[in-house]
Participant: 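Starting off with a structure, shown below.
Atom set for the values below is all heavy atoms of this structure, side chains included, hydrogens, waters and symmetry mates excluded. Below, chain A is the first sequence line, B the second, and so on; all start at residue 1. Fair warning: this is a prediction, and the values are worked out from it, not measured in the lab.
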There are 2 protein chains.
Amino acid sequence: MPRAGLTAAAVTEAAAALVDEVGFDQLGMGLVAERLGVKTPSLYKHVTGQTDLAHRIAILAMNQCADAIRDATQGRAGTEALARGAQAMRTFVKAHPGRYAAANAARPTGPDDPLIDALNRVVDSWAAMLHGYRIDPDQQIHALRMLRTVLHGFASLEVAGGFQFATDIDDSFTWMIDFIDHGLQETTATPTTSALSPAGPHRA
Amino acid sequence: MPRAGLTAAAVTEAAAALVDEVGFDQLGMGLVAERLGVKTPSLYKHVTGQTDLAHRIAILAMNQCADAIRDATQGRAGTEALARGAQAMRTFVKAHPGRYAAANAARPTGPDDPLIDALNRVVDSWAAMLHGYRIDPDQQIHALRMLRTVLHGFASLEVAGGFQFATDIDDSFTWMIDFIDHGLQETTATPTTSALSPAGPHRA
DNA sequence: AAGTACTGGCTAATTTGATTAGCTTTAGAC
DNA sequence: GTCTAAAGCTAATCAAATTAGCCAGTACTT
């Protein structure tokens with residue numbers, strides 16, 4: 001009987017494809033093994049267990065997501081980079097809902113977890129997109145967190161089927177990104193006082 | 001041997017308290033039973049199983065969240081309602097991370113699932129908050145989705161420990177809400193052309 | 001080409017946790 | 001006081017992950 005010739009990476013790929021189809025919460029060693037034409041215990045020669053496998057899917061997902069964003073924003077800046085980066089992110093998540101869910105569920109195991117590097121690659125891409133906006137350095141961190149919040153929030157809600165009417169969702173997304181874009185431009189252009197805090201964040 | 005006097009609601013409450021402490025992914029019938037001073041199989045007299053229990057936690061969570069937002073925004077409008085409602089939401093999620101996670105994981109079982117009502121109560125609150133902004137009816141849906149996106153995204157990232165530096169997170173949140181508030185005011189005030197689409201969403 | 005060590009995959013056994021079956025006794029109605 | 005429906009219990013069942021230990025295929029040496 002010939003061998004399957006598996007490897008940790010191959011198992012991870014198969015599992016990632018699986019969760020994209022059946023949902024992350026349906027991940028099981030049995031299903032992965034079946035898909036690879038192998039018996040369940042064989043998987044343990046390549047991954048230490050289901051937890052490890054989920055963690056590997058998360059790393060794969062974040063790196064692929066980072067690649068997609070990088071490719072989409074290469075050589076662009078400001079508004080255009082934001083629009084393309086955001087679209088790339090959303091497209092990736094819609095195409096790979098299961099591995100995105102895995103990425104959200106994963107927790108770094110330590111300070112040198114490759115998952116952290118992968119996450120940082122994504123965040124760095126967004127930080128780069130913001131450079132085109134000449135934002136006050138003090139506000140960079142807040143703008144970056146808002147970007148993460150918005151992109152993660154939208155992807156997360158959409159994947160979870162959180163939006164009632166499937167129609168118009170594309171419109172809502174571009175509307176939202178446009179809203180952010182306008183606001184970011186005003187952040188530097190128009191000193192304003194805030195109604196929420198005495199000296200609002202929109203000051204230049 | 002006296003009875004524990006349990007009920008479906010009591011089991012749900014105990015389970016909700018449990019997941020807030022140990023995390024939603026640690027939910028288990030054994031832990032819930034132990035906390036109630038009862039043997040595991042006894043729980044099945046009140047809930048049909050773990051899936052049902054998680055679903056009940058989700059409904060409880062959404063209703064409590066809706067209550068919190070309603071109480072915080074009663075009689076307020078516009079900027080103030082937005083600021084208070086958003087803070088109420090965030091406060092609730094930080095106090096009850098486990099049940100919020102349960103709410104995110106839950107899927108409605110049918111068209112008349114109480115979970116849908118609970119979700120709608122939250123969304124309605126936000127829609128009410130937006131009324132203070134005199135937004136073009138065509139854009140209401142987009143603004144509402146943005147609000148959901150932002151509030152859910154932030155809560156979700158924060159609960160997951162997604163923000164690296166714990167300091168400044170309060171500042172980031174108010175900054176972000178302030179950013180949204182300014183943008184929403186401009187949405188009606190300043191007709192603008194969009195860089196992303198020929199006729200942008202910021203038109204009046 | 002044969003020998004050999006390593007490694008991948010298998011079967012069988014173990015463990016953990018959810019769920020079900022069936023019994024016993026309480027709490028409330030009459 | 002008795003009677004009935006339901007609450008809680010113990011014991012049994014089921015499903016899925018994981019572990020133990022065996023055997024064969026691969027690759028490397030000579």
Participant: Name the closest nucleotide to the A:L6 side chain, picking from C:dA18, C:dG9, D:dA6.
Facilitator: C:dG9
Participant: Suppose we call a contact any N or O donor and acceptor under 3.5 Å apart; does that hold for the side chain of A:R3 and the base of D:dG25?
Facilitator: yes
Participant: Would you say D:dG8 has OP1 or OP2 under 4.0 Å from some side-chain N or O of B:H46?
Facilitator: yes
Participant: Using only atom types and a distance under 3.5 Å, with no angle test, would you say the side chain of B:T91 pairs donor to acceptor with the backbone of B:Q87?
Facilitator: yes
Participant: Would you please say whether a donor-acceptor pair under 3.5 Å links the side chains of B:T73 and B:R84?
Facilitator: no
Participant: Where the side chain of B:P41 is concerned, which of D:dT10, D:dT19, C:dG9 is the nearest nucleotide?
Facilitator: D:dT10
Participant: Between A:F163 and A:F173, is the ring centroid distance below 6.0 Å?
Facilitator: no
Participant: So if I take residues 100-109 of chain B and measure heavy-atom distances to DNA chain C, which residues fall below 4.0 Å?
Facilitator: none
Participant: Without swapping roles, check the side chain of B:R148 against the backbone of A:G162 for a donor-acceptor pair under 3.5 Å.
Facilitator: yes
Participant: Hey, can you tell me if A:H152 and B:H152 have their rings parallel, tilted or perpendicular (30° and 60° cut-offs)?
Facilitator: parallel
Participant: Taking everything shown except B:R134 itself, do over 12 heavy atoms lie less than 6.0 Å from its CZ?
Facilitator: no
Participant: At under 4.0 Å, does any side-chain N or O of A:S42 touch on OP1 or OP2 of C:dG8?
Facilitator: no
Participant: What's the closest nucleotide to the side chain of A:K45 if the choices are D:dG8, C:dC10, C:dA18?
Facilitator: C:dC10
Participant: Whole-Å distance between C:dA13 P and A:K39 NZ?
Facilitator: 16 Å
Participant: Nearest to the side chain of A:M29 - D:dA6, D:dT18, C:dA18?
Facilitator: D:dT18
Participant: Nearest whole angstrom, please: distance from the P of C:dA18 to the OH of B:Y44.
Facilitator: 6 Å
Participant: Whole angstroms only, please: what is the CG-P distance between A:L43 and C:dT7?
Facilitator: 19 Å
Participant: Taking A:D181 for the side chain and A:L82 for the main chain, is one N or O donor matched with an acceptor at less than 3.5 Å?
Facilitator: no
Participant: What's the CD-P distance between A:E34 and C:dC10, to the nearest Å?
Facilitator: 13 Å
